[in-house]
Protein chains: 2
Amino acid sequence: MTTAPRWLSEQEQRTWRAYLQATTLLEDHLDRQLQRDAGMPHVYYGLLVQLSQAPERRLRMTELARIAKITRSRLSHAVARLERNGWVRREDCPSDRRGQNAVLTDEGYAVLKQTAPGHVATVRQAMFDRLTPEQVGQLGEIMRIMAEGLQPQDTDADLPWLR
Amino acid sequence: MTTAPRWLSEQEQRTWRAYLQATTLLEDHLDRQLQRDAGMPHVYYGLLVQLSQAPERRLRMTELARIAKITRSRLSHAVARLERNGWVRREDCPSDRRGQNAVLTDEGYAVLKQTAPGHVATVRQAMFDRLTPEQVGQLGEIMRIMAEGLQPQDTDADLPWLR
DNA sequence: GCCCACTTCTTGAAGGTTAAACTAGATGGG
DNA sequence: CCCATCTAGTTTAACCTTCAAGAAGTGGGC
């Protein structure tokens with residue numbers, strides 16, 4: 001970082017500040033809503049959602065971590081907690097003896113079914129009810145671009161001389 | 001929540017998922033970058049930035065918490081840590097004996113000065129270098145709308161019969 | 001002047017997250 | 001077959017966040 005930094009323009013600064021405030025406030029809001037209504041933080045809820053949508057309601061740990069964009073370590077802790085709650089169960093993977101499947105239990109599914117409407121309502125109220133369909137489209141496109149740029153890269157992409 | 005839930009449309013679902021992924025990945029990315037280069041998480045860095053921009057580089061605890069969108073409790077812990085680092089100092093507020101000012105020290109300012117370029121570069125690379133100026137404008141507008149809707153409301157707004 | 005309700009800020013405990021180290025099993029070249 | 005190397009997942013300890021409770025100060029109504 002020896003070259004002169006390119007500071008943010010006025011518009012970029014305003015956007016960045018708004019981004020930080022909105023994302024902080026929303027994540028807090030969702031955490032509070034779900035902690036109150038479902039007894040777990042937002043990230044944990046997201047794990048149950050992913051499992052509920054997977055074939056046979058089960059996923060390999062690494063795959064779940066990849067989809068949810070969290071580390072395997074964090075997932076290990078999270079699943080341990082969800083298992084204590086009886087909402088997820090661990091199961092040996094038949095094809096790879098190192099592997100574990102996280103399986104959504106019926107109880108876990110019931111919790112999800114019960115709390116999903118309230119959660120959707122909260123998300124709507126915070127985001128979709130305030131934006132025009134056009135803005136929803138713009139936001140989606142922008143977020144896809146950002147997410148794509150932040151995916152853990154193929155190692156070789158950082159080492160072009162190896163390609 | 002007794003009425004039939006209005007689920008998200010296809011477009012809304014895609015946008016929501018992209019939003020979750022992008023914000024999760026970006027926050028992680030910034031935390032890692034700042035932990036590595038500045039020895040503190042992103043939120044703590046943001047506190048130093050706010051202080052650096054305040055008159056006399058100091059702010060009342062409550063005001064700083066309000067600006068940074070975090071709880072006072074969290075701020076207390078954070079400032080305690082930053083104080084141990086020598087980057088912030090606490091000071092009694094002259095006009096209100098309950099109050100404390102958080103003051104950015106010269107050391108704290110130096111850390112900021114040293115790490116700001118790298119941080120801006122990271123933000124640019126993750127967001128602004130990937131978006132058109134038009135998209136930056138759209139994102140800013142959308143985030144302002146969301147943040148506004150999530151501000152802790154004036155109590156009376158929830159109690160119209162008291163107005 | 002005296003209450004009482006409110007604000008400011010801190011604390012402690014419980015729970016969540018991170019980074020690094022570790023166990024166990026898979027994999028592929030020689 | 002053997003071994004180095006890689007991958008899957010867990011664990012530990014340090015750190016961070018949250019919630020509830022509490023100490024201390026303020027200020028309006030009487």
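Labels below follow one simple rule: chain letters A, B, ... track the order of the sequence lines, proteins then strands, and each chain is numbered from 1. Given the structure is predicted, the values throughout are model-derived calculations rather than measurements.
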Distance in angstrom units between [X] [atom1] and [N] [atom2], rounded:
X: B/Q35; N: D/dC15; atom1: CD; atom2: P; answer: 10 Å
X: B/L34; N: C/dT18; atom1: CG; atom2: C1'; answer: 15 Å
X: A/E91; N: D/dG9; atom1: CD; atom2: C1'; answer: 16 Å
X: A/D31; N: D/dC16; atom1: CG; atom2: P; answer: 18 Å
X: B/D92; N: C/dT8; atom1: CG; atom2: P; answer: 16 Å
X: A/R60; N: D/dT10; atom1: CZ; atom2: C1'; answer: 14 Å
X: A/H42; N: D/dT17; atom1: NE2; atom2: P; answer: 18 Å
X: B/R81; N: C/dT11; atom1: CZ; atom2: P; answer: 17 Å

Closest contact, heavy atoms only, [X] versus [Y]:
X: A/H119; Y: A/Q33; result: ND1-OE1, 3.2 Å
X: B/R124; Y: A/R6; result: NE-O, 3.0 Å
X: A/L131; Y: A/L139; result: CD1-CD2, 4.2 Å

Could you tell me whether the phosphate oxygens of C/dA19, OP1 or OP2, come under 4.0 Å of any side-chain nitrogen or oxygen in B/R36? no
Hey, is the side chain of A/R72 poking within less than 4.0 Å of OP1 or OP2 on D/dG9, counting only N and O atoms? no
Under 3.5 Å, is there an N or O donor on one side and an acceptor on the other linking the side chain of [X] and the base of [N]?
X: B/T71; N: D/dT17; value: no
X: B/H77; N: C/dG12; value: yes
X: B/S73; N: D/dC19; value: yes
X: B/R74; N: D/dT18; value: no

In terms of the nearest nucleotide of DNA chain D, which residue is placed more toward the 5' end: A/L75 or A/D28? A/L75
Looking at every strand, decide which applies to [X] at a 4.0 Å heavy-atom threshold: base, sugar-phosphate, or nothing.
X: B/R90; result: sugar-phosphate
X: B/R97; result: sugar-phosphate
X: A/R84; result: nothing

How long is the gap from CD1 on B/I67 to OG1 on B/T62, to the nearest 0.5 Å? 11.0 Å
Starting the side chain at C-beta, find the nucleotide from [options] nearest to [X].
X: B/D96; options: D/dT10, D/dC19, D/dG25; answer: D/dG25
X: A/R98; options: C/dC9, D/dT7, C/dG16; answer: D/dT7
X: B/V43; options: C/dT8, C/dG16, D/dT17; answer: D/dT17
X: B/M61; options: D/dT10, C/dG16, C/dT10; answer: C/dT10
X: B/T62; options: C/dT8, D/dC16, D/dT11; answer: C/dT8

Would you mind telling me which residue lines up with the more 5' stretch of DNA chain C, A/S95 or B/S76, judged by nearest nucleotide? B/S76
Using a 4.5 Å cut-off on heavy atoms from C-beta on, say whether the side chain of B/Y109 contacts that of B/L48. no
Determine whether A/R72 and A/M61 make a side-chain contact, defined as any pair of heavy atoms from C-beta on separated by less than 4.5 Å. no
